[in-house]
Amino acid sequence: MQDLTDLYQSVILDHNRRPRNYSVLPTANRVGSGNNPMCGDQITVYVKLDGDRISDVSFQGSGCAISKASASLMTVNLKGKTIPEADAIYAGLHKMVTTGKVGEDDMSDLAALAGVYQFPARIKCATLGWHAALNAAKGDERPATTEKPGD
Amino acid sequence: MQDLTDLYQSVILDHNRRPRNYSVLPTANRVGSGNNPMCGDQITVYVKLDGDRISDVSFQGSGCAISKASASLMTVNLKGKTIPEADAIYAGLHKMVTTGKVGEDDMSDLAALAGVYQFPARIKCATLGWHAALNAAKGDERPATTEKPGD
Amino acid sequence: MNQAWKNIRADFPILDQQVNGKPLVYLDNAATSQKPQCVIDALTHFYQHVNANVHRGIHTLSMRATFAYEAARERSAKFLNAAESGEIVFTAGTTDSINLVANSWGDENLKKDDVILLTEMEHHSNLVPWQLLARRTGARLRFLPVVPGDTGLLDLAQLDKVLTSEVKIFAFTHVSNTLGVINPVTQLCARARAVGAISVVDAAQSAGHLPLDVQTMGCDFLAVSGHKMCGPTGVGLLYGRKVLLDAMPPYRGGGSMISNVDYFESKWAPAPQKFEAGTPNIADVIALARAMDYLDDLGREAIALHDEKLASLAYARLAAEIPGIRMLGPADHRSGVISFDLPGVHAHDVVTMADQEGVALRGGHHCNQPLMRKLGLSSTSRASFYLYNTEDEIARLVTTLQKIHGFFAG
Amino acid sequence: MNQAWKNIRADFPILDQQVNGKPLVYLDNAATSQKPQCVIDALTHFYQHVNANVHRGIHTLSMRATFAYEAARERSAKFLNAAESGEIVFTAGTTDSINLVANSWGDENLKKDDVILLTEMEHHSNLVPWQLLARRTGARLRFLPVVPGDTGLLDLAQLDKVLTSEVKIFAFTHVSNTLGVINPVTQLCARARAVGAISVVDAAQSAGHLPLDVQTMGCDFLAVSGHKMCGPTGVGLLYGRKVLLDAMPPYRGGGSMISNVDYFESKWAPAPQKFEAGTPNIADVIALARAMDYLDDLGREAIALHDEKLASLAYARLAAEIPGIRMLGPADHRSGVISFDLPGVHAHDVVTMADQEGVALRGGHHCNQPLMRKLGLSSTSRASFYLYNTEDEIARLVTTLQKIHGFFAG
Ligand SMILES: Cc1ncc(COP(=O)(O)O)c(C=O)c1O
Ligand SMILES: Cc1ncc(COP(=O)(O)O)c(C=O)c1O
């Protein structure tokens, strides 16, 4: 089962086992949620927004290793970023998991998600938490869902 | 187009061109109707019943040569018959058009319908008028329809 | 005509057979078309290599099936030039598609005394669902007449009178399955929109026959059957403008159309999934996309020209060569559907006799009973042409009808 | 085991392939079954030799198609031991069949405060249609619970309490698609009848797996999907007792379901035609009948034994050989569906990893969200067996799950 380590890199397994910022955020002024109806995965994201800066972010929920690790990595990577900066990071991630290409920017620990590209059914898992967080930060109250075609 | 004369025997062509008892029957005490929804054929049958005897019968409607000729033959064959006699004649006809076998009884002019057996889609045409007449004679007011499966 | 047209009959294995000892002449295309081998192969390939349930699965076969199924949605959007694939809902066919609109959009939006406008030439499938809707909601039906006579053209002069602001739905056929009339769909959709009505186009007879562009047409909904356009039976689609689909309640309940289910209530998935409850007709959807490829390789402009050329030729020859024949529908600018009446010979007798000559026709009311009554007929005989039909087959048709006429006249 | 079982895997061409470099082990049969070559051939044969529209046609191809289509109805009646073929309505599948009953029988017969009784283990397809019906009519939903714990058996001790005279419909699954539980359907139908409720049996997971006899079961309606019993996608059927079908209003409107149509109103054809609006899924209906032949050649008793043997073996081996595994459903007297939870490993990760080993499993809520919540789970992994699966494949499953456990534990 060697090829699985492409997908389940040690960074992923680590974030899955010990997800970072896995808690309710008492200071949050935005809450977002996401679900993957086909899998039953549910995620809640808590965002503290100062101006257009995500000064803090956390999450809770149930999901597979990929979605949990990706949401955990999301909190680590978005904390302290402005919304445009967060959008740019997500754009890089999205490109990576859909095309397999790592962008020019250094993706640092996010590169652990590059293997998702080879598992198209799991792309939704890798983006769910990010959708929920960005929607919340932008004040879109609708739950993020993975079911929009083409996503 | 020789084989067609199996179906369109001269008796049929004749009854189609000059249907017998093709009129409203003023003395009728029973009226029946029949339709073949798949074709749009419609038939109305007028019966004068005395006791259990069909003392007179006529029809009107639109339909193909087979249904028209068969209804016309029906009026000629059922006039004066009791209901049980009519049932027996119809049973012979039904057997003939579904199995191709002419019964022991002499089918006389009805034998012209024997060729219908080879054209299964037309069996319904050959029985519509008979259904309508027998239903009417027995006091069943529902329109006869050809759509009951297995008919 | 491009290369794909060469040897086109060889693409359809069913055509190469004898019926009653004569080579088959299949002229019942308005009822259902034949299928090219590539569509049959698409089914075989699916069941031999791909078959799995879609959406909920993440193993390899299920992913393959899901991608092929969703690719068929993209393909269908392209076929109709829909703005996005989310505007395509797969259904069981035109009848199912129209019932979907009547039940979902109709029940949600219609009130007592609202008007549903139809035309006098609608197929039962674009009439009965609206009758049922009218009964449920108290809405009223109204009909745009056809002009008196036998051309069967819509009486557009009456449009102003019937298309009033009370009209909430204007549903009409693109091409008549009985008369071969092609209706001015772009104009009708624009007029519907002008009074605030939604337009529902029955494209059963036009999809796969004419180029279709829902954005140019400006329709709100459009219903298609796969089996009439070289695809398999049991599959079709509904095009719906996204904003309308998004606002509509679901049609059937079940798996795959939900976003969350509790014992006592549920939330719906976004369109189009909201309308696709249960396991879809995966194999046939994928094969339908293959039929679209096939048709586009031939070119839909070319198909429309071919249909019209044959139908106009057949119309002219029958009118000239069959004594006493009554031709219905327009003489030209028409689709490949021809209807006619041989006075004194019932349509069923025509069809049975033609079948003895290997010529497959249809006779009856063509699911068009009220129009028939209006024309003073209970049935007609119908010949309908498609891409594999030839001028030689029209000659066979003419000879056959001459014989039939002779038999009954004699 | 009779001769037909020899070489059974060779009947299913799809099984002979590698997935991710390993021989495919297809254990996703509860989602959809694979198709034997004879069913694929039935489709090919239809499209290459028979294809025409049914009912309305009297030319040779149309007659052939009509007879084959109606013969499939007879075959289906025999398959279920229905009293007559008129009790078989062809639909798009189980979901469609249940929606038909909810819409037609339900809307006609339910009033405010009537009760629709379901069980806690229903598939969304046997839950959401009733939620929608309840919303339309003001009827209430009620649920027969499953017993606490993981066997998932129905709590029959509660039946008296929930199955009261207010209940008008009792709808339940014959076999659970998540837990493999086989419900005592004959008993449940009799209890429903005793309080004057109709019984609706969801047979999606039992048709083609267990012998079914609707007269012995005593059900009023029974819903079947073709694709789960070796038939094609997009087709299924509804069995309904004739007196009920006869009294029901139509479901969808359109061609073929009418006896007479006028512009403003119509009359319906008798059942079952009344419920089959539009061109039916002719080819797939005929191929489904072929699947019934195939299954009966093997023998449904034998299939049921085979399924149960594999499932019980798999249940026992997984429980014994995978550390910490949580097994759901009963240990035996069960269908071929096994669900389990590997603590600390999400079902999706299980499925993705198993797929790397060529083993096709399903992970998720299995369209069973409320039951999952009740069991305190958001998803499970599921292996489901059918007639072509083998004990060797169970060995592959066990080894694979051991590896997965090791990978995540390590
Ligand atoms: C128990 C049960 N009921 C209903 C269904 C729905 O069947 P279909 O999706 O074929 O309509 C399924 C399968 O998905 C099922 O397992
Ligand atoms: C104009 C028109 N509308 C609707 C239909 C119904 O299509 P289907 O039977 O495929 O649902 C047909 C074909 O029968 C048709 O010709």
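All of these numbers come straight from a predicted model, not from anything done at the bench. Reminder, nothing fancy here: chain letters follow the sequence lines and each chain counts from 1.
Going from atom OG1 of Thr60(D) over to atom CG of Leu24(C) covers 8.5 Å, rounded to the nearest 0.5 Å. Within the model, atoms CG of Leu43(D) and CZ of Phe46(C) stand 12.0 Å from one another, a figure rounded to the nearest 0.5 Å. Rounding to the nearest 0.5 Å places CG of Leu15(C) at 11.5 Å from CD of Gln48(D). Taken from NZ in Lys35(D) to OG1 in Thr44(C), the straight-line distance is 13.5 Å, to the nearest 0.5 Å. Separation of atoms CG (Asp28(D)) and CD1 (Ile58(C)) is listed at 10.5 Å; rounding is to 0.5 Å. The CG atom of Leu132(D) sits 12.5 Å away from atom OH of Tyr251(C), with the distance rounded to the nearest 0.5 Å.
Residue Asp262(D) touches chain C through both its backbone and its side chain, counting heavy-atom pairs closer than 4.5 Å. Of the atoms belonging to His49(D), it is backbone heavy atoms, and not side-chain ones, that fall under 4.5 Å from chain C. Contact annotation for Leu371(C): both backbone and side-chain heavy atoms come within less than 4.5 Å of a heavy atom of chain D. With a threshold of 4.5 angstrom between heavy atoms, Arg373(C) approaches chain D through side-chain atoms but not through N, CA, C or O. Interface remark: Arg64(C) contributes side-chain atoms only to the contact with chain D (heavy atom separation under 4.5 Å). At a 4.5 Å heavy-atom cutoff, the contact between Glu120(D) and chain C is made by backbone and side-chain atoms alike. Residue Asn99(D) touches chain C through its side chain alone, counting heavy-atom pairs closer than 4.5 Å. With a 4.5 Å cut-off on non-hydrogen atoms, Met63(C) touches chain D through its side chain but not through its backbone. For chain C, no part of Val39(D) is nearby; none of its heavy atoms comes within less than 4.5 Å. Heavy-atom distances place both the backbone and the side chain of Asp96(C) under 4.5 Å from chain D. Within the 4.5 angstrom heavy-atom criterion, only side-chain atoms of Ile40(D), from C-beta onward, approach chain C. For Leu141(D), the parts lying near chain C are the backbone and the side chain together; criterion is any non-hydrogen pair under 4.5 Å. With a 4.5 angstrom heavy-atom cutoff, Pro280(C) touches chain D only via backbone atoms. For a residue to count as touching a neighbouring chain, one of its non-hydrogen atoms must lie under 4.5 Å from one of that chain's; by this rule Ser33(C) touches chain D with the backbone only.
For chain C, the option among Val235(D), Val359(D), Thr352(D), Leu61(D) with the highest count of heavy-atom pairs below 4.5 Å is Leu61(D). Note: Gly253(D) leads Ser266(D), Gly253(D), Gly234(D) in heavy-atom pairs under 4.5 Å with chain C. Each of Gln131(C), Arg135(C), Gln34(C) has some count of heavy-atom pairs under 4.5 Å with chain D, and the biggest count is that of Gln131(C). Per-residue counts of heavy-atom pairs under 4.5 Å with chain D were compared for Asn281(C), Asp41(C), Val19(C); the largest is that of Asn281(C). Contacts with chain C were tallied for Ala92(D), Ala134(D), Ser225(D), Pro232(D); Pro232(D) has the most, counting heavy-atom pairs under 4.5 Å. With chain C as the partner, the residue from Val50(D), Asp107(D), Val351(D), Val128(D) showing the most heavy-atom pairs under 4.5 Å is Val128(D).
Taking each heavy atom of Tyr263(C) and Leu127(D) in turn, the nearest pair found is O-CD1, 3.6 Å. In terms of heavy atoms, Thr32(C) sits closest to Asn53(D) at CG2-N, 3.5 Å. The two residues Gly255(C) and Ser125(D) come nearest to each other via the heavy atoms N-OG, 3.1 Å. The minimum heavy-atom distance between Ser256(D) and Cys367(C), with the atom names listed, is N-SG, 4.5 Å. Smallest separation of non-hydrogen atoms from Pro129(C) and Gly254(D): CD-N, 4.4 Å.
The aromatic rings of Phe264(D) and Phe143(C) lie perpendicular to each other, with more than 60° between the two planes, well past the 30° mark. Using cut-offs of 30° and 60° for the angle between ring planes, the Tyr26(C) and His59(D) rings count as perpendicular.
For the pair Thr95(C) (side chain) and Ala277(D) (backbone), a donor-acceptor distance under 3.5 Å is absent. Looking only at distances, a side-chain donor or acceptor of Gln369(D) sits under 3.5 Å from a matching main-chain atom of Val261(C).
Enclosure of atom CD in Gln17(C) by more than 12 non-hydrogen atoms of other residues, nucleotides or ligands within 6.0 angstrom is indicated.
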